[in-house]
Trainee: 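A single structure is presented below for examination.
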Amino acid sequence: MAVFRPFMAYRPSRENQALIPALPYDVINSDEAREMASGNPLSFLHVDKAEIDLPPGTDLYSPQVYQKARENLLALEKNGYLVQDESPCLYIYRQVMNGRTQTGIVGCASIDEYKNNTIKKHEFTLAKKEQDRINHVNICDANTGPIFLTYRSNDIINGIVAGWIETNEPVYDFVSDGVKQTVWVIDDLSVSVAIQKAFVGVESLYIADGHHRCASAVKVGEMRRQANPRYTGQEEFNYFLAVAFADDDLEIMDYNRVVKDLNGYTIEQYMALVGEKFDVRQLAQRERPGSKHSFTMFYDGKWYLLTAKDGTFDNTDPVARLDVSILQNNLLAPILGIHNPKDDQRIDFIGGIRGLDELERRATTDMQLAFAMYPTTVDDLMSIADAGQIMPPKSTWFEPKLLSGLFIHHLS
């Protein structure tokens, strides 16, 4: 069963619906945040990237940054730019990008279900990144950015959501960075209860994106429990902000690779080695790979199709059969000498949202090789999480990003 419960969100007043929400903290750097928030004192980047209000060069992890985030959040609330709902609600959050729609339910998930693996993971987390979000959540006393969850599609939940959208007007409807953002408030208790009951029939929730935010929210909840030994389990710190999407509503984009050099090989030597594990064919024009276990490669102005040969990977292993694993195990590591892609400076990763133009640009400037990947599927993600395994680094790229500042969940 899965717990997904309503809460009393702080959210933008209607007139500020397009001014406050912002991209999540971990997809832009400080300079980009300063530029994006310039001239807009209401931008939520003043909370999630509070260093933009401090002198350039300020340590991103200094106490001043977290205190400034808290100060800016409380100012938005005190001055009425963020307003709290009077009773606990669930919310519907719809995004439309390039003609594709994804619709999620906003509520609070349980830290206990994260701990008992009802909420399943597919990535490792880094202690430094966790500590950053622990400090941010704890000092702000709030979850300011939602965790992106998915679940196997449920007809009852789908029907309730569709019915609410059909019969109720949205509270927000605006465009941000080319993505249409629409929100409905489910303020009917009987409808919220029906959704909660339907989630009881959902066996597992899966973290699609936001592993560090989720782990940090759980650890803050555990800290609050230690500080409140008589806790009942119903306090808000036992739950964290999330948006849950049905799996068939989501699309994962390709997460591509660029490499610095041929590891000392001539192009003839390199292609001969590649041909041992892949069928190689030069393409007349650039293409994205059209199916699993195929890759397109750009080098010296030419595009090639690489198709993994039978028997070069274990098709029964949900991790080994991933395309990112096949490329890593059969080419990047043994031929190009990239054994630890997370730390090797000779490789970089390009989200599919940037297109093939960016791969060609990088491969003709600071890199030499580019690989376009076939996207990992949501079913791949779930299969790996169900098996208790971990996906390789940089396996998934989700678009559109969930905005921060649309919903704030206070812990006390």
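This is a predicted model, so every value here is computed, not measured. Residue numbers start at 1 and run along the sequence shown.
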Trainee: Got a donor-acceptor contact below 3.5 angstrom from the Gln84 side chain to the Met8 backbone?
Mentor: yes
Trainee: Under 3.5 Å, is there a donor-acceptor pair between the His136 and Thr144 side chains?
Mentor: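 Indeed, the side chains of His136 and Thr144 share at least one donor-acceptor pair under 3.5 Å.
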Trainee: So that I can tick it off, tell me whether Lys219 and Glu222 are bridged by a salt bridge, with the cut-off set at under 4.0 angstrom between side-chain N and carboxylate O.
Mentor: no
Trainee: Aromatic rings Phe295 and Phe278: how do their planes relate, parallel, tilted or perpendicular, breaks at 30° and 60°?
Mentor: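 Ring orientation of Phe295 relative to Phe278: perpendicular.
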Trainee: Taking NZ, NE, NH1 and NH2 as the nitrogens, is one of them in Asp254 or Arg288 under 4.0 Å from a carboxylate oxygen of the other?
Mentor: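 Looking at Asp254 and Arg288, the cut-off is met.
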Trainee: Answer whether the closest heavy-atom distance between the side chains of Thr58 and Val65 falls below 4.5 Å.
Mentor: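 When only atoms from C-beta onward are counted, Val65 and Thr58 do touch, with a gap below 4.5 Å.
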Trainee: Using only atom types and a distance under 3.5 Å, with no angle test, would you say the side chain of Glu32 pairs donor to acceptor with the backbone of Asn29?
Mentor: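 Yes; judged by distance alone, with no hydrogens or angles, the pair exists.
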Trainee: Please find the pair of heavy atoms, one from Val27 and one from Lys401, that lie closest to each other, and give the distance.
Mentor: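 That would be CG1-CE, 4.0 Å.
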Trainee: So, do Tyr10 and His410 have ring centers that fall under 6.0 Å from each other?
Mentor: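 They qualify: ring centres under 6.0 Å apart.
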Trainee: Does Gln282, at its CD atom, have more than 12 non-hydrogen atoms belonging to other residues, nucleotides or ligands within less than 6.0 Å?
Mentor: yes
Trainee: Got more than 12 heavy atoms from elsewhere within 6.0 Å of CG, Asp59?
Mentor: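 More than 12 within 6.0 Å, yes.
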Trainee: Hey, mind stepping through Arg286 and Thr296 against side-chain contact (heavy atoms from CB on, under 4.5 Å) and telling me if it holds?
Mentor: CA-CA 8 Å; Arg286 69 181 187 180; Thr296 54; over 6 Å; no
Trainee: Quick one: CZ on Arg321 to CG on Asn315, what's the gap to the nearest 0.5 Å?
Mentor: 6.0 Å
Trainee: Between OH of Tyr25 and CZ of Arg133, what distance do you get to the nearest 0.5 Å?
Mentor: 4.5 Å
Trainee: Does Tyr239 have Arg5 sitting over its ring (NZ/CZ under 6.0 Å from centre, angle to axis within 45°)?
Mentor: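 That pair qualifies as a cation-pi contact.
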Trainee: Could you tell me whether Asp310 atom CG has more than 12 heavy atoms of other residues or ligands within 6.0 Å of it?
Mentor: no
Trainee: Is it true that Asp348 and Arg362 make a salt bridge, defined as a side-chain N closer than 4.0 Å to a carboxylate O?
Mentor: yes
Trainee: Of the options Asn72, Asp53, Asn40, which is the one that meets His46 in a side chain to side chain donor-acceptor pair (under 3.5 Å)?
Mentor: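 For His46, the side chain to side chain donor-acceptor pair (under 3.5 Å) test succeeds with only one of Asn72, Asp53, Asn40, which is Asp53.
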Trainee: Starting from the C-alpha separation in whole Å, work towards a yes-or-no answer on side chain to side chain donor-acceptor pair (under 3.5 Å) for Asn256 and Arg354.
Mentor: CA-CA 10 Å; Asn256 303 311; Arg354 296 182 179 270; over 6 Å; no
Trainee: I'd like to know whether Phe7 forms a side-chain contact (heavy atoms from CB on, under 4.5 Å) with Tyr91, so could you lay out the CA-CA distance, the side-chain angles of the two residues, the decisive distance to 0.1 Å, and finally the verdict.
Mentor: CA-CA 9 Å; Phe7 70 109; Tyr91 308 84; 3.8 Å; yes
Trainee: Any carboxylate oxygen within less than 4.0 angstrom of a Lys/Arg side-chain nitrogen, looking at Arg34 and Asp31?
Mentor: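 Looking at Asp31 together with Arg34, the answer is yes, because their closest N to O distance falls below 4.0 Å.
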Trainee: Hey, could you give me the CZ/CD1 distance between Phe245 and Ile105, rounded to the nearest 0.5 Å?
Mentor: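 The CZ atom of Phe245 sits 10.0 Å away from the CD1 atom of Ile105.
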Trainee: For the residue pair Tyr255 and Phe349, categorise the inter-ring angle as parallel (less than 30°), tilted (30 to 60°) or perpendicular (more than 60°).
Mentor: perpendicular
